[in-house]
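As the structure is a computational prediction, the values presented were derived from the model and not from experiment.
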Amino acid sequence: MNTYITVQGDTWDMISFKVYGTSKYIGLLMENNYDLLDIFLFSAGIEVNVPELPEEEENDIPDWRK
């Protein structure tokens with residue numbers, strides 16, 4: 001598992017976008033950072049656990065295009 005160190009003003013969706021390239025993995029980040037769930041707007045220097053994406057979630061190609 002990797003980590004991300006916040007900068008002043010980060011939010012869950014911003015962190016997801018910075019580490020995964022999309023904001024759709026907010027839930028995955030939150031599931032792996034229960035101790036930070038009460039934070040909406042992060043201050044600088046907070047360590048956020050960043051899990052690897054599950055294989056099935058990395059592939060957004062519809063079945064008919066495979």
Legend entry - Atom pair CD/CD1 of E31 and I26 - distance to nearest 0.5 Å: 12.0 Å
Inset, instruction - Check G9 against M14 and note the closest heavy-atom contact, atom names and distance. - result: O-SD, 3.6 Å
Legend entry - Nearest atoms (heavy-atom pairs only) where M1 meets V50: CG-O, 3.4 Å
Legend entry - Test item: W12 side-chain N/O and G27 main-chain N/O as donor-acceptor pair under 3.5 Å: no
Legend entry - Between Y4 and N49: side-chain donor-acceptor atoms closer than 3.5 Å: no
Inset, instruction - Indicate, with yes or no, if F42 and V7 share a hydrophobic cluster defined by side-chain heavy-atom contacts under 4.5 Å among Ile, Leu, Val, Met, Phe, Trp and Tyr. - result: yes
Legend entry - Remaining members of the apolar cluster that contains L41, side-chain heavy atoms under 4.5 Å: F40
Legend entry - Other residues, nucleotides, ligands: >12 heavy atoms within 6.0 Å of F17 CZ: no
Inset, instruction - Return yes if some donor-acceptor pair links the side-chain N/O of N33 with the main-chain N/O of M30 below 3.5 Å, else return no. - result: no
Inset, instruction - Could you grab the distance from atom CG of L53 to atom OH of Y25, nearest 0.5 Å is fine? - result: 5.0 Å
Inset, instruction - Determine whether K24 and D13 make a side-chain contact, defined as any pair of heavy atoms from C-beta on separated by less than 4.5 Å. - result: no
Inset, instruction - Over all heavy atoms of both residues, which pair between P51 and L29 is shortest? Give the atoms and the distance, please. - result: CD-CD2, 4.3 Å
Inset, instruction - Let me know which of I39, L36, T3 forms a side chain to side chain contact (heavy atoms under 4.5 Å, CB included) with V48. - result: L36
Legend entry - Backbone N/O of S43 and side chain of T6: donor-acceptor pair under 3.5 Å: yes
Legend entry - Candidates L37, D38, N32 - the one meeting side chain to side chain contact (heavy atoms under 4.5 Å, CB included) with Y34: L37
